[in-house]
Amino acid sequence: MDPDASVPADQPSVFNYVLSFLLVGVAWGFTTPFIRRAAADFNARQEAAQKSQSQSPQTQSAQSTAEEQELQQQSHPASGATKNGDGDDNKEEEESGDEDQPLTSNARSTTAAAAAAAGDSTRVPAWMKPKSTSSWLTTKIVSVFWTVVNLLRTPAYSIPLIINLTGSIWFFLLVGKHELSLTVPLANSSAFLFTVLGEWYVERKVIAKETWLGMALVLGGIGLCVHSKNQS
């Protein structure tokens with residue numbers, strides 16, 4: 001016997017081989033409904049927060065207008081009383097000022113027209129105003145960044161995501177040790193099966209008869225692949 005001859009490595013059993021790829025399918029498929037549910041809940045919370053922020057200025061403006069109306073109502077009786085008290089004293093002044101009213105009204109109209117013309121001359125059309133695209137882009141980038149950060153800080157989203165990424169690492173480690181023609185169908189088909197089961201567990205979605213039939217056919221295909229691997 002040649003001492004330099006290499007001893008062949010022990011091949012793992014079929015059970016370990018199938019179990020490893022079933023675990024990859026669990027990591028890929030079963031965690032996907034949890035990630036989707038957490039993302040949907042996060043979006044709902046964000047929309048509720050935006051609605052509350054948009055409604056708060058409206059309520060503040062409504063409160064301010066109500067307070068102004070109350071102040072005006074309180075000030076009107078006092079002003080009416082003072083007007084009644086001073087009515088007799090101002091009769092002569094009103095009679096003397098009746099002749100000057102047309103002149104003052106004409107002067108006011110001319111000044112208002114001049115001010116309006118000056119305001120129109122200083123206005124700039126909307127299409128001539130410079131658009132700050134850089135500020136809009138930076139705000140979008142910052143908002144997306146903080147949205148991703150807050151989403152990753154949510155345990156209901158981050159934990160299934162870590163498990164899903166761990167399954168990808170396991171898959172690439174297993175691909176280097178086994179045949180590619182068998183590893184890819186096993187991992188992808190098992191991921192489909194566990195995605196359906198995870199959706200049923202998370203959202204309580206009823207699985208249709210056609211889906212059950214498809215799952216049974218997938219399991220039969222996995223069994224045929226493993227059986228052909230054993231015979232070869």
Side-chain angles (χ1 to χ4, degrees), residues 6-49 137-232:
S6 60
V7 179
D10 295 333
Q11 294 294 329
S13 63
V14 178
F15 178 76
N16 294 332
Y17 181 74
V18 174
L19 181 61
S20 60
F21 284 100
L22 287 178
L23 291 176
V24 172
V26 171
W28 279 357
F30 198 75
T31 57
T32 303
F34 288 92
I35 295 172
R36 180 180 177 275
R37 179 66 177 273
D41 293 341
F42 180 80
N43 290 331
R45 289 194 299 269
Q46 290 291 106
E47 291 177 357
L137 184 61
T138 51
T139 52
K140 284 293 182 182
I141 292 173
V142 171
S143 63
V144 169
F145 173 76
W146 284 112
T147 301
V148 173
V149 169
N150 293 328
L151 187 60
L152 292 176
R153 291 172 61 184
T154 307
Y157 183 87
S158 60
I159 293 174
L161 180 63
I162 292 171
I163 296 173
N164 194 305
L165 296 176
T166 306
S168 300
I169 297 172
W170 293 345
F171 174 76
F172 286 111
L173 291 175
L174 292 171
V175 163
K177 297 180 179 180
H178 303 284
E179 293 182 2
L180 189 64
S181 60
L182 187 60
T183 55
V184 174
L186 280 175
N188 291 330
S189 58
S190 60
F192 164 73
L193 295 176
F194 287 107
T195 300
V196 175
L197 294 176
E199 191 175 10
W200 167 79
Y201 180 78
V202 174
E203 299 182 0
R204 299 301 178 184
K205 186 176 181 180
V206 179
I207 302 175
K209 296 179 180 179
E210 293 81 4
T211 306
W212 283 112
L213 180 60
M215 293 170 66
L217 293 174
V218 168
L219 289 174
I222 292 173
L224 290 175
C225 290
V226 175
H227 181 68
S228 64
K229 176 67 177 176
N230 291 330
Q231 288 184 352
S232 61

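Remember, it's a predicted structure, so these values are computed and weren't measured experimentally. When a residue number appears, it is its place in the shown sequence, counting from 1.
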Pairs where residues 28-37 contributes a residue and the test salt bridge (Lys or Arg N to Asp or Glu O under 4.0 Å) is met, not counting sequence neighbours: R36-E203, R37-D41
Euclidean distance, L152 CG relative to T147 OG1, rounded to 0.5 Å: 11.0 Å
Nearest-0.5 Å distance that lies between atom CG in L165 and atom OG in S158: 11.0 Å
For the student: nearest non-hydrogen atoms of M215 and F192, plus distance: CG-CE2, 4.2 Å
Exercise: identify the closest heavy-atom pair between L151 and A39: CD1-CA, 4.4 Å
Point-to-point distance, once rounded to the nearest 0.5 Å, from CG of L213 to CG of L217: 4.5 Å
Validation row, ring centre F171 to ring centre W28 under 6.0 Å: yes
Distance-minimising heavy-atom pair for P160 and I35: CB-CG1, 3.6 Å
Side chain proximity check, R45 to T154, heavy atoms < 4.5 angstrom: yes
Under 3.5 Å donor-acceptor, T211 side chain and I207 backbone: no
Closest non-hydrogen atom pair between P33 and G198, with its separation: CG-C, 3.4 Å
Atom pair CG (L161) and CZ (F34), whose distance is rounded to the nearest 0.5 Å: 14.0 Å
Heavy-atom closest pair, residues W170 and L23: CZ3-O, 4.2 Å
Side-chain touch E199/T32, heavy atoms, less than 4.5 angstrom: no
Considering all heavy atoms, the nearest G167-A27 contact: CA-CB, 3.6 Å
Full working for side chain to side chain contact (heavy atoms under 4.5 Å, CB included) between I141 and L137: CA-CA 6 Å; I141 292 173; L137 184 61; 4.0 Å; yes
Side-chain touch W146/V142, heavy atoms, less than 4.5 angstrom: yes
Separation of S189 OG from F21 CZ (nearest 0.5 Å): 10.5 Å
T183 and L174, any side-chain heavy atoms less than 4.5 Å apart: no
From F145 atom CZ to N150 atom CG, the distance as rounded to the nearest 0.5 Å: 9.5 Å
